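Here is the structure we will look at, set down as structure tokens.
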Amino acid sequence: MSFNTFGHMFRVTTFGESHGLAIGCVVDGCPPLIPLTEADIQRDLDRRRPGQSRYTTQRQEPDLVKILSGVMAHPESGVQVTTGTPIALLIENTDQRSKDYSEIKDKFRPGHADFTYEAKYGLRDYRGGGRSSARETATRVAAGAIARKILAEVTVRGALVQMGPHRIDRDRWDWEEVANNPFFCPDKDKAAFYETYLDGIRKNGSSIGAVIEVVAKGVPAGLGAPIYAKLDAELAAAMMSINAVKGVEIGTGFGAAELSGEQNADEMRMDNHGPKFLSNHAGGILGGISTGQPVVVRFAVKPTSSILAPRQTVDRKGHETDIVTKGRHDPCVGIRAVPVGEAMMACVLADHLLRHRGQVGR
């Protein structure tokens, strides 16, 4: 059992705390001779980086990644490539403000992991939450950038599709819009609405939840396994491991409970390339194995637990008290969860692709 590692063939171990000297990860199992530079990883980290708009935490972290091992210049081409050995990545923390948390060091934040960490370990890192902080997810995004290199034929994209009770208009879905607004939203009009909506929540010192959708296109049929290594089960576990995620669905998900068998069945016909599905309620996975259709996963992110509004709680000595959390926090942590969800999708798919090749040889 490993508490800080996920994956089998493509294995990622993360380390570090929100207010420690640095965070990082070790990626093991990456095949050799794949071109990889810090710039390849930095592109994804820049999308998750805090402080880029008033709608995210104002903590100013450049999130500059350093590759410590696992790459070298190819002796013939001179291009930096992976060596097949563990790839160690480091991201230094540069803008910690631990004093912001001194007033609550003995109080448990409602909705946060403070109480459970104390119950398990006998202490907790009150300075930003330690390992329970969303800061840890930067290392996953770095690992996901490497996974994308393995998935050369697969495109992984994510979008925010709901904030609070307000869903996007799916008829207006435009992937190009995701990069044009601070919410990773594919609906231009809804993104404009979210600006006013989240401004109000932020000014009230509160927070709100969100739903993120991640879609992987180009996934070959056959990835996964029938029982204990189902592709959808491991995707669900990966998404649930993201801080603040409280629910996951694949394809139509919970909506399938409202459909009849005729409506839910993804009927099939033949075209020039073989079997063709007429719908995708299954989200690209049947019996735990990919169908060749787009793999579709959605996950729900709860509201940020650190808020300015006074809440009732208890302290470490068992005294009832109230708490107000100061500091710099995301009014909607779901926004920056978009590149994190993409990274987890990429890591799981890369892992299954390598396992598939090892089992069937192609």
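Computed from heavy atoms alone, side chains included, the values below leave out hydrogens, waters and symmetry copies. As the structure is a prediction and not an experimental result, all values here were calculated from the model.
- Side-chain N/O atoms of Ser132 and Arg124 include no donor and acceptor closer than 3.5 Å.
- Remark: Asp351 engages Arg355 in a salt bridge, criterion side-chain N to carboxylate O under 4.0 Å.
- Salt-bridge formation is detected for the pair Asp330/Arg336: a Lys NZ or Arg NE/NH1/NH2 atom is positioned less than 4.0 Å from an Asp or Glu carboxylate oxygen.
- Ion pairing between a basic and an acidic side chain is recognised when a charged N comes within 4.0 Å of a carboxylate O; Glu118 and Arg316 show such pairing.
- Checked by atom type and distance alone, the side chain of Glu195 never pairs as donor or acceptor with a backbone atom of Ala192 at under 3.5 Å.
- Gln42 and Asp46 share a side-chain donor-acceptor pair at under 3.5 Å.
- At a cut-off of 3.5 Å, with distance as the only test, a side-chain donor of Arg48 or Thr137 sits close to an acceptor on the other residue.
- Using a 3.5 Å distance cut-off with no hydrogens or angles, the side chains of Asn243 and Arg135 do not pair a donor with an acceptor.
- Judged as a side-chain hydrogen bond (donor to acceptor under 3.5 Å, both in side chains), the pairs with a partner in residues 276-288 (not counting sequence neighbours) are, in order, Thr252-His281, Asp266-Ser279.
- Panel note: side chain Asp114, backbone Arg109; a donor-acceptor pair is recorded below 3.5 Å.
- Linking Ile, Leu, Val, Met, Phe, Trp and Tyr whenever their side-chain heavy atoms come within less than 4.5 Å puts Met9 and Val154 in one cluster.
- No salt bridge links Asp63 with Arg49; every basic N to acidic carboxylate O contact stays at or beyond 4.0 Å.
- When the shell of 6.0 Å around CZ of Phe193 is examined, it contains more than 12 heavy atoms from other residues, nucleotides or ligands.
- Remark: side-chain polar atoms of Arg11 are paired, donor with acceptor, to backbone N or O of Gly7 under 3.5 angstrom.
- No salt bridge links Arg148 with Asp40; every basic N to acidic carboxylate O contact stays at or beyond 4.0 Å.
- Applying the under-4.5 Å side-chain rule to Ile, Leu, Val, Met, Phe, Trp and Tyr, the cluster around Leu123 extends to Tyr117, Tyr121.
- For the side-chain hydrogen bond (donor to acceptor under 3.5 Å, both in side chains) condition, no pair includes a residue of residues 216-227, sequence neighbours left out.
- With respect to the salt-bridge test (charged N to carboxylate O, under 4.0 angstrom), the residues Arg172 and Asp189 qualify.
- Salt bridge Lys230/Glu234: absent, no basic N to carboxylate O contact under 4.0 Å.
- A salt bridge links Arg298 with Glu213; the closest basic N to acidic carboxylate O contact falls under 4.0 Å.
- Applying the ring-ring contact (aromatic ring centres under 6.0 Å, His included) test to residues at least two apart or on different chains, none of the pairs has a partner in residues 221-268.
- Here the side chain of Gln162 pairs a donor or acceptor atom with the backbone of Gly164 at under 3.5 angstrom.
- The backbone N or O of Ala88 lies less than 3.5 Å from a partner atom in the side chain of Ser69, making a donor-acceptor pair.
- Judged purely by atom type and a 3.5 angstrom limit, Thr5 has no side-chain atom pairing as donor or acceptor with the backbone of Thr13.
- Under the 3.5 Å distance criterion, with hydrogens and angles disregarded, no donor-acceptor pair is assigned to the side chains of Ser306 and Thr304.
- In this structure a side-chain-to-backbone donor-acceptor pair under 3.5 Å is present from Asn93 to Glu17.
- Looking only at distances, no side-chain donor or acceptor of Asp125 sits under 3.5 Å from a matching main-chain atom of Gly129.
- For the residue pair Thr94/Glu92, the side-chain donor-acceptor check at 3.5 Å is not satisfied.
- Membership of an apolar cluster is not assigned to Met72, as no side-chain contact below 4.5 Å to another ILVMFWY residue is traced.
- Within the 3.5 Å criterion, the main-chain N or O of Phe183 finds a donor-acceptor partner in the side chain of Asn181.
- Summarising the local packing, CZ of Arg269 is surrounded by 12 or fewer heavy atoms from other residues, nucleotides or ligands at distances under 6.0 Å.
- The side chain to side chain contact (heavy atoms under 4.5 Å, CB included) test applied to Lys246 returns Lys302, not counting sequence neighbours.
- Under the 4.5 Å side-chain contact rule for hydrophobic residues, Met268 and Ile285 do not share a cluster.
- Cluster membership check: Phe277 does not share its hydrophobic cluster with Val295, using side-chain heavy-atom separations under 4.5 Å among Ile, Leu, Val, Met, Phe, Trp and Tyr.
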Would Thr313 and Thr321 count as a side chain to side chain contact (heavy atoms under 4.5 Å, CB included) here? Give the steps.
CA-CA 5 Å; Thr313 189; Thr321 184; 3.7 Å; yes
